[in-house]
Structures are given as structure tokens and as C-alpha cells.
Amino acid sequence: MLDVGTDHALLPIALVLRGKINRAIASDIRDGPVGIAEKNISRHGLSDMITVVKADGLAGMEKFKPTDIVIAGMGGEMISKILGAKAAEWSKREGTRFILQPMTRQHLLRRFLAENGFLTEHNSLAEDTDGRIYEIIVCRYTAESYFISDAEAIGGSMGRDSPDDLFSRHIALRIRQLRRRAEGILKTSGDDSRRAELSAIEKVVGELEEMKPRINE
Ligand SMILES: C[S@@+](CC[C@H](N)C(=O)[O-])C[C@H]1O[C@@H](n2cnc3c(N)ncnc32)[C@H](O)[C@@H]1O
């Protein structure tokens with residue numbers, strides 16, 4: 001497993017300790033995290049199983065031949081940038097699974113994946129102890145681009161494997177955010193100049209609302 005942007009290497013350490021993986025590469029672009037990752041790994045006695053590398057995105061990582069590439073805890077645009085870089089070309093091959101966890105702008109990442117031939121296998125949700133919901137996208141490169149609607153990009157597809165109540169809360173949160181955006185537009189522009197934007201938001205809200213009743217099917 002390759003953990004891009006590993007920070008303190010918490011994920012590879014946890015996965016090795018739980019016996020989920022037997023080998024990991026923990027990479028980060030900054031010296032600080034690289035140093036802390038090395039210390040944490042050595043403290044757990046895992047230096048022979050987890051290698052720490054300083055790297056920008058996927059540049060130079062092909063030599064480790066990872067089967068699973070995790071990019072977690074970054075914005076959706078940053079993850080798209082890393083996957084779309086020339087240095088990431090080697091990873092677009094059969095047998096590579098991408099596990100992506102965007103913190104923000106998840107819809108932009110889903111659109112990037114659809115337009116650039118990454119087929120989503122799972123859209124999962126996870127919740128931390130503070131009730132914050134995290135989106136996880138598992139995908140593979142197929143080279144075939146496909147269409148996704150705005151609602152799918154924002155909500156994630158129905159082919160998910162998350163508890164229904166979590167999905168329901170996630171959709172409700174996205175609807176609230178869109179409604180707030182529409183209210184903001186209505187307050188700031190008294191004329192009709194942003195009518196198209198408002199009706200686009202209304203359309204997406206309607207489609208997200210549609211997702212809700214299907215939850216318990
Ligand atoms: C917020 S931390 C996320 C840590 C961990 N992956 C997680 O999910 O908790 C983001 C990390 O990504 C690193 N990072 C940012 N851009 C990067 C890039 N282009 N290549 C590698 N690491 C990067 C940062 O240095 C930082 O340590």
C-alpha cells in the first residue's frame with residue numbers, strides 16, 4: 001500500500017498492526033511529516049515493513065509497485081491534481097486500486113474521476129466521534145470516461161456500502177449547504193442575473209431529495 005501525504009504515518013502503522021497489509025510506503029512532500037513518520041514507525045518497530053519516502057504525489061513511486069494507493073485527508077482538487085499529473089501516468093494500469101478520501105470539494109474529484117476514466121467501485125462514508133462524516137471513494141483506472149450528474153457528483157452514487165442513516169445525513173447536509181448557497185445568491189443579487197445558477201441549484205436539490213426515499217429499498 002502506498003499512502004500519499006501520510007503525515008504521521010498513522011494509517012500504514014494501523015493497517016500493519018492489524019495485519020491488513022504486510023508492506024507499505026509512506027510518502028509526504030514535506031520534511032516535517034517525513035521525520036515524524038520515520039520516528040512513529042521506528043517507535044512501533046515497523047521500519048522493515050514501512051518505508052518512508054519524500055515525494056511529490058506519485059512521482060517516482062512506480063519502483064515500489066504498489067497495488068493500493070491511498071490519498072487521504074486532502075482537498076478534492078489536490079487529489080485530482082496528483083492523479084492528473086504526468087508523474088502519475090504509471091499508476092493508470094490494471095491491478096492498481098485507488099482509495100481516495102477528499103476532505104473538501106468532493107464533487108470536483110468525482111467529476112475528475114468520471115471525465116478521466118477512473119471507474120468508482122465504492123462510495124463509502126465514515127463518521128468520527130465528533131459526528132463529522134468523511135467520504136471515501138474506491139476506484140480503478142479503466143480509461144473510459146463516463147457521465148455523472150451534478151447530484152451524483154455531490155451525493156455520491158447509490159452503489160455505496162455505508163449505513164443508510166449515515167447516507168441519509170450526508171445527503172441532508174449537502175441539501176442544506178446548497179440551500180444556503182441559494183439563499184446567499186438571492187440576498188446579494190436582486191436582479192435576474194443569477195437565475196440560471198439558482199435553477200441549477202434547485203435541480204440538484206430536487207435530485208438529492210429523490211435519493212432519500214430510495215435509501216431503504
Ligand atoms: C492533512 S494531512 C493528511 C494526513 C493523512 N493522509 C490523513 O488522512 O490523516 C495532508 C498531508 O499531505 C501532504 N501533502 C500535500 N500535498 C502533497 C503532495 N503533492 N504529495 C505528497 N504529500 C502531500 C502534506 O504535507 C500533509 O502531511
Side-chain angles (χ1 to χ4, degrees), residues 1-18 20-44 46-47 49-93 96-113 115-116 118 120-141 156 160-162 166 170 173:
M1 188 272 274
L2 164 63
D3 186 27
V4 178
T6 196
D7 205 0
H8 297 178
L10 299 182
L11 181 67
I13 291 172
L15 292 178
V16 170
L17 289 178
R18 288 173 196 189
K20 300 273 184 199
I21 56 171
N22 48 30
R23 179 104 188 83
I25 312 301
S27 81
D28 207 284
I29 198 170
R30 292 186 298 132
D31 288 323
V34 164
I36 295 171
E38 272 165 353
K39 272 197 200 118
N40 279 346
I41 292 163
S42 137
R43 200 158 46 83
H44 285 89
L46 300 175
S47 303
M49 295 171 93
I50 307 173
T51 304
V52 181
V53 185
K54 185 181 172 189
D56 180 358
L58 293 168
M61 296 293 101
E62 60 267 45
K63 61 173 176 278
F64 298 109
K65 301 188 177 72
T67 53
D68 295 274
I69 298 177
V70 175
I71 313 179
M74 296 182 206
E77 275 169 308
M78 175 61 77
I79 297 175
S80 306
K81 199 172 152 212
I82 289 174
L83 291 175
K86 242 191 153 43
E89 278 304 309
W90 65 267
S91 67
K92 297 175 180 172
R93 61 182 180 196
T96 306
R97 182 166 65 155
F98 297 90
I99 300 153
L100 313 173
Q101 191 270 298
M103 296 296 287
T104 55
R105 304 205 161 213
Q106 294 84 355
H107 61 292
L108 295 184
L109 176 59
R110 285 206 182 83
R111 198 157 287 299
F112 168 88
L113 295 173
E115 284 169 2
N116 290 278
F118 291 83
T120 298
E121 290 186 342
H122 303 291
N123 276 292
S124 295
L125 298 171
E127 187 180 21
D128 69 13
T129 46
D130 294 329
R132 179 165 182 179
I133 297 173
Y134 297 84
E135 296 182 46
I136 301 140
I137 303 166
V138 179
C139 59
R140 289 181 193 274
Y141 183 71
R160 66 196 191 280
D161 56 1
S162 311
L166 209 52
H170 161 67
L173 175 70

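In listed order, ligands and their atoms are each counted from 1. This one's a predicted model, so the numbers in the text were calculated from it and none came from an experiment.
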> So which heavy atom on Asp3 is nearest to which on Pro12, and how close?
Replying inline: OD2-CD, 3.3 Å
>> Looking at every heavy atom in both Ala126 and Ile136, which two are closest together, and how far apart are they?
In response: CB-CD1, 4.0 Å
> Has the side chain of Asp130 got a donor or acceptor atom that lies under 3.5 Å from a matching backbone atom of Arg132?
Replying inline: no
> Looking at Val4 and Met74, what are the two nearest heavy atoms and their distance?
Replying inline: O-CE, 3.7 Å
> Are Arg93 and Glu62 close enough for a salt bridge, meaning some N to O gap below 4.0 Å?
Replying inline: no
Extract all N/O-N/O pairs under 3.5 Å that connect ligand 1 to the protein, and present each with both atom names and the distance rounded to 0.1 Å.
unit_1   : atom_1 : unit_2 : atom_2 : d
ligand 1 : 6 (N)  : Gly5   : O      : 2.7
ligand 1 : 6 (N)  : Ala72  : O      : 3.0
ligand 1 : 8 (O)  : Ala72  : O      : 3.4
ligand 1 : 19 (N) : Asp56  : OD1    : 2.9
ligand 1 : 20 (N) : Gly57  : N      : 2.8
ligand 1 : 22 (N) : Ile29  : N      : 3.3
ligand 1 : 25 (O) : Asp28  : OD1    : 2.6
ligand 1 : 25 (O) : Arg30  : NE     : 2.9
ligand 1 : 27 (O) : Asp28  : OD1    : 3.4
ligand 1 : 27 (O) : Asp28  : OD2    : 2.7

Which side-chain N or O atoms in residues 83-91 pair as donor and acceptor under 3.5 Å with protein atoms at least two apart or in another chain?
unit_1 : atom_1 : unit_2 : atom_2 : d
Glu89  : OE2    : Lys92  : NZ     : 3.0
Trp90  : NE1    : Leu58  : O      : 3.0
Trp90  : NE1    : Ala87  : O      : 3.1
Ser91  : OG     : Ala88  : O      : 2.6

